Amino acid sequence: MSAAVAIVGAGVGGLTAALCLARRGFDVDIIEQAAILTEVGAGLQLSPNASRILGELGLLNELEAAWTEPHAITLVDGKSLCALARVPSGRFARDRWRAPYGVLHRASLQRILVAAVMAEPRCRLHLGHRIDGDAQQAIASITARTPALIIGADGIWSRLRNAIVGAGTVQFSGNVAWRMTVTRDAAAGLLQPDHVTAFLGARAHLVAYPLREIGGFNLVAIIEGKETDGVWVGKDSEVRRRDYLDAFSTWNNRLQTLLKNADAPTYWPLCTVTDGAWQDGRKTVLIGDAAHAMTPFAAQGAAMAIEDAYELSACLDGASDIGEALRAFEATRRPRIAQVRRRAAFNRFAYHARGPFRLGRNIVLSMKGPEALAADFDWLYGYGAPER
C-alpha cells in the first residue's frame with residue numbers, strides 16, 4: 001500500500017502515527033479541529049515501551065532535553081508516609097528495558113511531535129477543520145486528495161467511531177482525576193525531585209512526579225466520584241474541590257495541606273471505551289483512546305496510543321489489501337490492550353485497598369525487593385526491546 005492516508009486528530013497518537021507512516025513511505029494528512037494546538041492536562045509518564053518507539057523516530061535527543069528521568073518509582077502509604085515498595089528507574093530502566101523512563105509536560109511532547117511532523121515532507125498538518133458527515137468527502141475537500149485509509153486518532157469522544165459498526169461506547173469508570181501542579185518549595189520534605197511517588201490510601205491515591213518545565217511537580221489525585229454528565233474538564237472546580245479534599249481527610253496532614261493549597265486544580269471524570277470493533281475492514285481504523293480508552297491506573301494511555309501508531313504502520317507497510325492489514329492490526333493489538341486493562345484493574349484494587357486487603361497489600365509489597373518488582377514490568381516496559 002502506498003496511497004495517501006488521513007489521520008483525524010493531532011494528539012500524541014495521531015502525530016506519532018503520522019511520523020511512523022511517513023517513515024515507511026506514506027503521504028499523510030493530519031486534520032485537527034483546533035485552530036491552535038494546545039495540550040490540556042499537565043504531566044505525562046513515558047515508559048520504556050513508548051520512549052523506545054519515539055527514539056526510533058529520532059526524537060530521543062529532544063525528549064531528553066525536556067524530560068526528567070526519575071531514579072525510582074516509589075509506593076508510599078498516604079497516611080503514615082512509610083515507603084511500601086520501590087521500582088528502580090533511571091539508568092536501571094535503560095539497562096533492563098533498553099529504553100528510558102521519562103516524565104515531562106504534555107505540551108512538551110506535543111511540541112516535539114509537531115516539530116517533527118512539520119519537518120517531514122510527507123506530512124501535512126491541517127488545523128481548524130472539523131470532520132462532519134461523510135469523513136472521506138470532508139477530508140478530500142480539506143486536503144485536495146482522497147485518502148485510501150482514514151485513521152481515527154480523535155480521542156475518547158471520537159466522531160470517527162460512529163463510522164464503525166459495533167464500535168465501543170464511552171462509559172464513566174466511577175473515578176475522577178484531579179490534576180494540579182505545585183512548586184518545589186511547597187513540596188519540600190514530601191516529594192523528591194528525582195522520584196515518581198505514588199501515595200496509596202482507601203478509595204483514593206495520589207501520584208506525583210517532577211516537571212522540569214515548571215520547576216515543580218505534577219500531581220494527579222484519583223478518587224471515587226460521581227458521573228458529571230459528560231463534562232470532560234470541570235469548570236466548577238471550587239465547588240467540587242470539597243469532594244477530593246474529603247477523600248483525603250484521613251491522610252497525612254502534610255499531604256492534605258499540599259492538596260488544599262495547590263493552585264487551580266481541575267477535575268477529569270475518568271471514562272473508558274467499552275470493548276468493540278476498532279476498524280471497518282475497508283478504510284477506517286481507530287487508535288488510542290478512540291479505540292480503547294482505559295483508566296490511568298497503569299499510566300499507559302499515551303503509551304498504548306504510541307504503540308498503536310507503530311504497529312499500525314508496520315501492518316500497512318507493504319500490504320496489498322487494506323482490510324487485511326487492518327484486521328491484522330486489530331488481532332495483534334487486542335491481546336496487548338486486554339493485558340494492560342487487566343493490569344490497570346488490578347492496580348485500581350491494590351492502590352485503593354482498605355481494611356484487611358490494605359494490610360495484605362503492604363505485606364506482599366514489603367516482601368518483594370526492587371529487582372523482583374521490576375521483573376513484574378518486563379512484559380509491559382520491555383515490549384519490542386531486543387533481547388538482553
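Here the structure is a predicted model, which is why all the values come from computation and not from measurement.
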Gln45 side chain to Tyr209 main-chain N or O, any donor-acceptor pair under 3.5 Å?
no
Okay, side chain of Ser173, backbone of Leu270: is any donor-acceptor separation there less than 3.5 Å?
yes
Spell out, as yes or no, whether a donor-acceptor pair under 3.5 Å connects the side chain of Ser158 to the backbone of Asp154.
no
Are Ile139 and Ile151 connected in the hydrophobic side-chain network, where two residues link if heavy atoms are under 4.5 Å apart?
no
Selection residues 60-93 - residue pairs positive for ring-ring contact (aromatic ring centres under 6.0 Å, His included), sequence neighbours left out
Phe92-Trp97
Within a radius of less than 6.0 Å around CD of Gln339, do more than 12 heavy atoms belonging to other residues, nucleotides or ligands occur?
yes
Would you say the side-chain atoms of Asn175 pair up with the backbone N or O of Ile223, donor to acceptor, closer than 3.5 Å?
yes
Determine whether a donor-acceptor pair (N or O, by modelled atom type, separation under 3.5 Å) exists between the side chain of Asp378 and the backbone of Gly382.
no
Are Ser47 and Asn49 linked by a side-chain donor-acceptor pair shorter than 3.5 Å?
yes
dist Gln171:CD -> Ile156:CD1 (nearest 0.5 Å) comes out at 9.5 Å
Please check: side-chain N/O of Thr143 versus main-chain N/O of Asp29, any donor-acceptor pairing under 3.5 Å?
no
Looking at Trp278, does the NZ or CZ of Arg327 lie under 6.0 angstrom from its six-membered ring centre and within 45 degrees of the ring axis?
no
Hey, quick one: are Leu21 and Leu160 part of the same hydrophobic cluster, counting side-chain heavy atoms closer than 4.5 Å, chains of contacts allowed?
no
Can a salt bridge be assigned to the pair Asp77 and Lys79 using a cut-off of 4.0 Å between side-chain N and carboxylate O?
no
Of all heavy-atom pairs linking Arg98 and Ala385, the shortest is CB-CB, 4.2 Å
For the residue pair Phe297 and His352, categorise the inter-ring angle as parallel (less than 30°), tilted (30 to 60°) or perpendicular (more than 60°).
perpendicular
Main-chain N/O of Ala350 paired with Arg361 side-chain donor or acceptor, under 3.5 Å:
yes
Would you check if the side chain of Arg358 reaches a backbone N or O of Gly201 as a donor-acceptor pair within less than 3.5 Å?
no
Membership question, hydrophobic clusters at under 4.5 Å side-chain separation (ILVMFWY): are Val5 and Met118 in the same one?
yes
Shortest non-hydrogen pair, Ala325 vs Cys315, comes out as CB-O, 3.5 Å
With no hydrogens and no angle check, do the side chains of His205 and Asn347 hold a donor and an acceptor under 3.5 Å apart?
no
Which atom names give the shortest non-hydrogen contact between Gly152 and Ala290, and what distance separates them?
O-CB, 3.6 Å
Using a 4.5 Å cut-off on heavy atoms from C-beta on, say whether the side chain of Leu245 contacts that of Lys260.
yes
Criterion salt bridge (Lys or Arg N to Asp or Glu O under 4.0 Å) against Asp376, the qualifying member of Lys368, Arg343, Arg96
Lys368
Would you sort out whether Asp308 and Phe329 count as a side chain to side chain contact (heavy atoms under 4.5 Å, CB included), showing the intermediate values?
CA-CA 8 Å; Asp308 281 354; Phe329 163 73; 4.1 Å; yes
I'd like to know if the side chain of Ser108 pairs up with that of Glu213 as donor and acceptor (distance under 3.5 Å, no hydrogens or angles considered).
yes
Would you say the side chain of Leu326 lies within less than 4.5 Å of the side chain of Leu149, judging by non-hydrogen atoms?
yes
Are Ile287 and Ile7 joined in one hydrophobic group, where the rule is that I, L, V, M, F, W and Y side chains link up if heavy atoms are under 4.5 Å apart?
yes
Shortest non-hydrogen contact from Ala262 toward Val182
CB-CG1, 3.9 Å
Point-to-point distance, once rounded to the nearest 0.5 Å, from CG of Leu75 to CG of Leu365:
6.0 Å
Would you call Trp251 and Leu259 a side-chain contact if the rule is heavy atoms closer than 4.5 Å?
no
Tyr383 reachable from Ile306 in the ILVMFWY side-chain graph, under 4.5 Å edges
no
Backbone of Ser249 reached by a side-chain donor or acceptor of Gln256 within 3.5 Å
yes
Report the C-alpha separation of Met294 and Val340 in whole Å, then their side-chain angles, then the decisive distance to 0.1 Å, and conclude whether the side chain to side chain contact (heavy atoms under 4.5 Å, CB included) test is met.
CA-CA 9 Å; Met294 60 184 69; Val340 175; 3.5 Å; yes
Gln33 side chain vs Leu127 backbone, donor-acceptor pair below 3.5 Å
no
Glu120 with Arg23: basic N within carboxylate O range, under 4.0 Å:
yes
Kindly compute the distance separating CZ (Arg254) from CG (Leu190), expressed to the nearest 0.5 Å.
4.0 Å
Answer yes or no for Arg24 and Tyr310: cation-pi contact, defined as NZ/CZ to six-membered ring centre under 6.0 Å and angle to ring axis within 45°.
yes
Indicate yes or no: does Arg52 engage Glu56 in a salt bridge with an N to O separation below 4.0 Å.
no
Check: Leu46 and Tyr101 side chains under 4.5 Å, non-hydrogen atoms:
no
Heavy-atom closest pair (Arg86 atom, Ala72 atom, distance to 0.1 Å) is NE-CB, 3.6 Å
Below 4.0 angstrom, N of the basic side chain to O of the carboxylate: do Glu69 and Arg94 qualify?
yes
Please test Trp178 against Val220 for side chain to side chain contact (heavy atoms under 4.5 Å, CB included), starting from the C-alpha separation and ending with a verdict.
CA-CA 6 Å; Trp178 285 83; Val220 182; over 6 Å; no
To the nearest 0.5 Å, atom CZ of Phe199 lies from atom CG of Leu81 at 6.5 Å
Answer yes or no: is there a side-chain heavy-atom contact under 4.5 Å between Leu286 and Arg161?
yes
Note, Val196 side chain near Pro70 side chain (heavy atom, < 4.5 Å):
yes
Check the pair Arg333 / Glu307 against salt bridge (Lys or Arg N to Asp or Glu O under 4.0 Å), numbers first and verdict last.
CA-CA 9 Å; Arg333 293 298 293 160; Glu307 285 188 13; 2.8 Å; yes
To check you understand the geometry: which heavy-atom pair defines the closest contact between Ala344 and Thr295, and what is its length?
CB-OG1, 3.8 Å
Can you tell me how far apart CD1 (Ile337) and CD (Gln300) are? Round to the nearest 0.5 Å.
9.0 Å
Criterion side-chain hydrogen bond (donor to acceptor under 3.5 Å, both in side chains) on Asp275 and His292, from CA distance to verdict
CA-CA 7 Å; Asp275 194 26; His292 46 66; over 6 Å; no
Sub-4.5 Å side-chain heavy-atom contact between Ile222 and Arg348:
no
Stepwise, does the side chain to side chain contact (heavy atoms under 4.5 Å, CB included) test hold for Met180 with Tyr244?
CA-CA 12 Å; Met180 64 211 84; Tyr244 96 88; 3.8 Å; yes
How are the rings of Tyr381 and Phe377 set to each other: parallel, tilted or perpendicular (split at 30° and 60°)?
parallel
Drop me the distance from Leu19's CG to Cys123's SG, to the nearest 0.5 angstrom.
5.5 Å
Any side-chain heavy-atom pair of Val76 and Leu200 under 4.5 Å
no
